[in-house]
Amino acid sequence: MAAADGEGGDEPGGRGRLTVADRAVSRLVRAAVLTAPGVAPASRTSGVVSGSLGRDLPRVEVARAGTQVDVEVEVASVWPRAAADTADAVRSAVTAQLASMASLSTGAVSVAVVAVVRPRDDRGEHRRVS
């Protein structure tokens, strides 16, 4: 039975609300980025790429205003995928992930492909690119 003063019960205003912490939003974005086609996995960008750039990839920054999130992402792309295709895939993955997992909308999603890594074969070795 619902309370007469509007607290508790099954009324939408009485059930509470969902608050998603900024850190959780950053983790959701990072997870989405890593699922996008063409993005090099984090394990592939440690070492040479992170040493030259001074950080691991992907790098994610989020800014929130209410339920809208602006996102800046830096990724490494796997050659020979076009950087524009990788960036489009990242934008789509981030937008879908935030909407479905946190009920957040995206404003700007800026994606920079800052490195390109060679593909590896099934044994985990680099393939020769000719």
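FYI, side chains are in, hydrogens and waters are out, and symmetry mates aren't considered; it's all heavy atoms of this structure.
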Chemist: Is there a donor-acceptor pair closer than 3.5 Å between any side-chain N or O of Asp70 and the backbone N or O of Ala63?
Modeler: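 Pair absent, no side-chain N/O of Asp70 close to backbone of Ala63.
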
Chemist: Can you tell if the side chain of Thr86 reaches within under 4.5 Å of the side chain of Val39, non-hydrogen atoms only?
Modeler: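 Answer yes - side chains close enough.
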
Chemist: What closest approach, in Å, do Glu74 and Leu57 show between heavy atoms, and which atom pair accounts for it?
Modeler: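 That would be O-CD2, 3.7 Å.
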
Chemist: Partners of Arg27 by salt bridge (charged side-chain N to carboxylate O under 4.0 Å, His left out), sequence neighbours excluded?
Modeler: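 Salt bridge (charged side-chain N to carboxylate O under 4.0 Å, His left out) check on Arg27 returns nothing, list empty.
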
Chemist: What's the shortest heavy-atom distance between Val75 and Pro58, and which atoms?
Modeler: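 Distance-wise, the nearest heavy atoms are CG1-CB, 4.0 Å.
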
Chemist: Just wondering, do Val29 and Gln97 contact through their side chains at under 4.5 Å, heavy atoms?
Modeler: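 No - every pair of side-chain heavy atoms lies 4.5 Å or more apart.
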
Chemist: So Gln68 and Thr106, side chain to side chain contact (heavy atoms under 4.5 Å, CB included) or not? Walk me through it.
Modeler: CA-CA 5 Å; Gln68 184 167 324; Thr106 52; over 6 Å; no

Chemist: Could I get the full list of salt bridge (charged side-chain N to carboxylate O under 4.0 Å, His left out) partners for Glu61, not counting sequence neighbours?
Modeler: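 Per chain and number, Glu61 pairs via salt bridge (charged side-chain N to carboxylate O under 4.0 Å, His left out) with Arg59.
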
Chemist: For Val117 versus Ala40, what's the shortest heavy-atom pair and its separation?
Modeler: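 Heavy atoms only, the tightest pair is CG2-CB, 3.6 Å.
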
Chemist: On a heavy-atom basis, which atom in Val60 and which in Ser26 lie closest, and how many Å separate them?
Modeler: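 Nearest heavy atoms, Val60 then Ser26: CG1-O, 4.1 Å.
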
Chemist: Give me the one residue out of Val33, Val90, Val62, Thr95 that meets side-chain contact (heavy atoms from CB on, under 4.5 Å) with Val71.
Modeler: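 Testing Val71 for a side-chain contact (heavy atoms from CB on, under 4.5 Å) against Val33, Val90, Val62, Thr95 leaves exactly one candidate, Val62.
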
Chemist: For residues 80-94, pull every pair meeting salt bridge (charged side-chain N to carboxylate O under 4.0 Å, His left out), keeping only residues two or more places apart or in separate chains.
Modeler: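 Listed by first then second residue: Asp88-Arg91.
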
